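Working notes for the structure below.
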Number of protein chains: 2
Amino acid sequence: MKKGEETKQNILEHGLRLFSSKGYEETSLKDIATKVNIKTPSIYAYFSSKDELFEKIVEFVIDDYVKFIDDQASTIGPLSTKDQLYKLLGELNEYYYMNDRGVFLKRYGVFPPERFKELITQKNSMVENEIRKLLYRILDVESDDHQFIDKENIATAFICLLDGMLFYLMNYSFEEYERRLTSTWKVFWKGILK
Amino acid sequence: MKKGEETKQNILEHGLRLFSSKGYEETSLKDIATKVNIKTPSIYAYFSSKDELFEKIVEFVIDDYVKFIDDQASTIGPLSTKDQLYKLLGELNEYYYMNDRGVFLKRYGVFPPERFKELITQKNSMVENEIRKLLYRILDVESDDHQFIDKENIATAFICLLDGMLFYLMNYSFEEYERRLTSTWKVFWKGILK
DNA sequence: GTCTATACCGAGATAGAC
DNA sequence: GTCTATCTCGGTATAGAC
């Protein structure tokens with residue numbers, strides 16, 4: 001990779017990390033520059049403004065998440081319906097926990113800075129759709145022992161569960177999160193059986 | 001009410017509203033002063049800094065919510081267990097939807113500015129405890145036809161559901177939220193029965 | 001491509017008149 | 001109790017040398 005290209009990547013990565021943990025306004029270009037080991041004005045060689053940098057990160061993050069969701073489709077294929085659902089829940093949760101992209105997604109998905117509201121809500125509905133599509137695919141397979149309630153219903157409850165678990169992930173230790181995941185999953189699974 | 005006292009209340013109220021909708025950093029003291037129809041420096045007659053103003057609002061909001069939860073205890077008394085749970089879920093959700101205090105609570109509960117992190121997480125665990133206590137009280141009554149799974153389990157799932165629904169409340173119309181509440185509730189209720 | 005120097009602005013905050 | 005005037009600081013952004 002060329003030196004310039006490398007710097008650009010570094011700016012994007014550290015920007016992502018800082019925006020995730022501290023928020024848009026609380027992160028200065030100087031903070032980012034320091035992490036990348038350059039001076040603030042050098043950032044302008046790659047991005048025309050702080051806003052533009054942020055938007056580029058938004059786009060990268062959402063596209064990456066959509067890709068991640070699609071990847072799950074192929075990974076969970078051979079499992080039983082129950083295991084597929086549980087695995088999907090765990091994987092999507094851990095995507096949030098394990099990297100800054102997830103935190104970024106949630107932080108700005110729920111509370112976007114005024115200027116980026118439109119861009120973000122638009123992109124966000126893509127994500128929910130992707131998850132719903134995957135859930136329908138899982139539930140459509142009839143080769144299983146179980147009977148389920150209405151699919152749409154399940155998807156809505158599943159997504160709610162996903163969002164709710166996020167709070168646990170963010171506010172508690174990983175162990176506590178796992179305990180709570182088990183509890184919640186039990187209720188969900190019993191709840192969607194006919 | 002004395003004039004000074006009134007101004008102070010106005011600052012608190014408009015501060016709350018602006019912090020909820022725009023966030024801490026994006027809200028300037030000038031924004032608040034404008035809404036109150038005073039000039040920025042007048043705020044310092046009541047609060048020694050922006051930080052102090054914010055902290056006062058945090059404390060007010062959390063205390064008010066805890067009070068609200070306690071109020072629910074007396075309101076839902078005569079209903080069946082099922083109706084009590086459903087009503088509680090609806091009431092707690094709508095507290096969020098209907099006033100800025102709820103949005104404030106969530107916004108800073110999940111993503112507090114660095115400086116206030118400690119204050120807020122500490123206060124926040126009080127809230128979860130209050131909800132758990134109330135749930136245990138509801139579930140302890142045995143005069144009902146239903147058998148339930150483990151109480152702790154139910155409480156965890158309930159709180160997860162509460163947090164998840166928040167995303168629906170914030171990102172969709174009230175009608176869509178209600179549709180989704182129905183779906184999610186169905187799954188939850190089936191899930192907690194023995 | 002990265003730097004130093006600097007312009008510019010808006011924020012939080014203080015002093016002191018009325 | 002509220003104002004005008006003003007200070008200070010840190011942020012984004014630009015100019016121009018190397």
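Just the heavy atoms: all of them, side chains too, but no hydrogens, waters or symmetry mates, feed the values below. Order of the sequence lines sets the chain letters (A, B, ...), proteins ahead of strands, with each chain counted from 1. Remember, predicted model here, so these are calculated numbers, not experimental data.
Which of C/dA13, D/dC3, C/dC3 sits closest to the side chain of B/Leu29 comes down to C/dA13. Nearest to the side-chain atoms of B/Thr7 among the listed nucleotides C/dA13, D/dT2, D/dA15 stands D/dT2. When distances are taken from the side chain of A/Ala45 to each of C/dG12, C/dT2, D/dA5, the shortest belongs to C/dT2.
Atom NZ of B/Lys39 and atom C1' of C/dG16 are 18 Å apart (whole Å). One can place OH of A/Tyr44 at 14 Å from C1' of C/dT6, the figure rounded to the nearest angstrom. The NZ atom of A/Lys3 sits 12 Å away from the C1' atom of C/dC3 (whole-angstrom rounding). A straight line from NZ of A/Lys50 to P of D/dT12 spans 5 Å, rounded to a whole angstrom. Summarising the geometry, the separation between OH on B/Tyr46 and C1' on D/dT2 is reported as 8 Å, rounded to the nearest angstrom. Rounding to whole angstrom units, CD of residue B/Glu25 and C1' of C/dG10 are separated by 13 Å. Between the NZ atom of A/Lys8 and the P atom of C/dG1 there is a distance of 11 Å, given to the nearest Å. Between B/Phe54 atom CZ and C/dG12 atom C1' there is a gap of 16 Å when expressed in whole angstrom units.
Among residues two or more places apart in sequence or in another chain, the salt bridge (Lys or Arg N to Asp or Glu O under 4.0 Å) test is passed with B/Lys39 by none.
Look at A/Ser42 and you won't find any side-chain N or O under 4.0 angstrom from OP1 or OP2 of C/dG1.
In this structure, the side chain of A/Arg101 does not engage the main chain of A/Phe60 through any donor-acceptor pair within 3.5 Å.
Side-chain contact between B/Trp189 and B/Ile192 is present, with heavy atoms from C-beta onward closer than 4.5 Å.
Base pairing in DNA chain C yields stems of at least 3 consecutive Watson-Crick or G-U pairs, both distances under 3.5 Å, namely C:1-18 with D:1-18.
When the nearest nucleotides of DNA chain D are assigned to B/Thr40 and A/Pro41 by heavy-atom distance, the more 5′-ward of the two goes with B/Thr40.
Open room surrounds NZ on A/Lys35; 12 or fewer heavy atoms of other groups in view lie less than 6.0 Å from it. Heavy atoms from other residues, nucleotides or ligands lying under 6.0 Å from NZ of A/Lys190 number more than 12.
From A/Gln84, atom CD reaches atom CG of A/Leu79 across 6.0 Å, with rounding to the nearest 0.5 Å.
At a cut-off of 3.5 Å, with distance as the only test, no side-chain donor of A/Tyr108 or A/Asn124 sits close to an acceptor on the other residue.
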